[in-house]
Visitor: 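Have a look at the structure that comes next, please.
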Amino acid sequence: MDVMAGIAAASQALKMAREIREVSKDFENADLKSKIVTLVESLSDAKLALIDAKEELQNAKSEAEELRAKLAFKTDSTVRRNGLIYERYEDGKLSYLPFCPKCYEEGKFIKIVQEMNAHHAKCPNCGVAYATRAIRCRENETANSPENPFI
């Protein structure tokens, strides 16, 4: 039984228990009334638990989709050069600057950006500074590169 069916079943049972409680008002059997109240409380708890389980399942599905997207991006659109990860564009060229190694280890794809000084770059996320000449992609050392206005 999936979560939605469980919630529906618990809701239906709760409705039936309430109807039984209404019928039992005609009777004076305190024990029956006590058991019905306990049943209603138990079914309410079950319904709340199923609702929580549904939310957790939705969160897990969202997280799984996010991880699949990251994995697809990582395997299809990145290249490792000299221990650094560069993005590969649709035309086959590599990005001038790599992803931040520190952020990449945390599962974030944050590209290092070049500062106004052509010899320095840093991660906009974590702030780690890099020497541009040490991290730039050697395949893209053309003065006409749109990603490389400072060479």
Side-chain angles (χ1 to χ4, degrees), residues 1-22 34-151:
M1 179 185 307
D2 67 344
V3 175
M4 291 305 297
I7 292 172
S11 295
Q12 183 64 25
L14 186 59
K15 180 181 173 187
M16 293 172 74
R18 286 185 181 138
E19 289 175 6
I20 292 170
R21 184 173 56 189
E22 292 299 318
S34 173
K35 288 182 181 182
I36 291 174
V37 167
T38 303
L39 173 64
V40 170
E41 290 173 355
S42 297
L43 289 172
S44 295
D45 292 343
K47 183 177 178 182
L48 291 175
L50 285 170
I51 290 171
D52 290 343
K54 178 187 172 197
E55 289 175 7
E56 287 181 22
L57 183 61
Q58 286 175 337
N59 291 340
K61 284 181 180 179
S62 297
E63 186 177 335
E65 276 301 313
E66 183 179 323
L67 290 173
R68 279 189 203 100
K70 283 183 179 181
L71 180 62
F73 177 80
K74 185 176 179 179
T75 56
D76 297 340
S77 302
T78 62
V79 174
R80 182 176 291 273
R81 294 276 194 273
N82 300 321
L84 298 171
I85 307 295
Y86 295 86
E87 182 174 7
R88 180 179 299 283
Y89 298 120
E90 289 181 11
D91 64 1
K93 290 187 179 185
L94 300 181
S95 63
Y96 177 67
L97 294 173
F99 292 106
C100 173
K102 180 181 176 188
C103 294
Y104 187 82
E105 285 180 13
E106 297 172 1
K108 300 175 186 171
F109 296 96
I110 308 293
K111 270 195 205 169
I112 296 170
V113 294
Q114 192 165 0
E115 295 181 332
M116 292 302 287
N117 179 340
H119 301 289
H120 296 91
K122 74 176 188 175
C123 174
N125 183 53
C126 67
V128 174
Y130 299 92
T132 306
R133 68 178 165 266
I135 62 169
R136 70 178 177 243
C137 183
R138 305 281 187 238
E139 293 179 17
N140 293 339
E141 290 190 357
T142 62
N144 297 330
S145 175
E147 291 187 31
N148 188 11
F150 301 113
I151 282 189

Visitor: Nearest 0.5 Å please: distance from the CG atom of Leu97 over to the SG atom of Cys123.
Guide: 11.5 Å
Visitor: If we only count heavy atoms from C-beta on, is the His120 to Tyr130 side-chain gap below 4.5 Å?
Guide: no
Visitor: Within the side chain of Thr78, is there an N or O that forms a donor-acceptor pair under 3.5 Å with the backbone of Tyr86?
Guide: no
Visitor: Salt bridge (Lys or Arg N to Asp or Glu O under 4.0 Å) with Lys102: which residues, sequence neighbours excluded?
Guide: none
Visitor: Keeping the roles fixed (side chain from Arg88, backbone from Gly92), state whether a donor-acceptor pair exists under 3.5 Å.
Guide: yes
Visitor: Can you check whether Tyr96 reaches Gln114 side chain to side chain, under 4.5 Å on heavy atoms?
Guide: yes
Visitor: Are Ile112 and Lys122 packed together at the side-chain level, in the sense that at least one heavy-atom pair is separated by less than 4.5 angstrom?
Guide: no
Visitor: Checking Tyr104 now: which residues fulfil ring pair (Phe, Tyr, Trp, His ring centres under 6.0 Å) with it, not counting sequence neighbours?
Guide: Phe109
Visitor: Are Pro124 and Ile110 packed together at the side-chain level, in the sense that at least one heavy-atom pair is separated by less than 4.5 angstrom?
Guide: yes
Visitor: Under a 4.5 Å cut-off applied to non-hydrogen side-chain atoms, are Ser11 and Lys47 in contact?
Guide: yes
Visitor: Above 12 or not: heavy atoms from other molecules or residues under 6.0 Å from CD of Glu106?
Guide: yes
Visitor: Test Cys100 against Lys111 for side-chain contact (heavy atoms from CB on, under 4.5 Å), laying out the working first.
Guide: CA-CA 6 Å; Cys100 173; Lys111 270 195 205 169; over 6 Å; no
Visitor: Quick one, Val79 and Ile85 - any side-chain contact, counting heavy atoms below 4.5 Å?
Guide: no
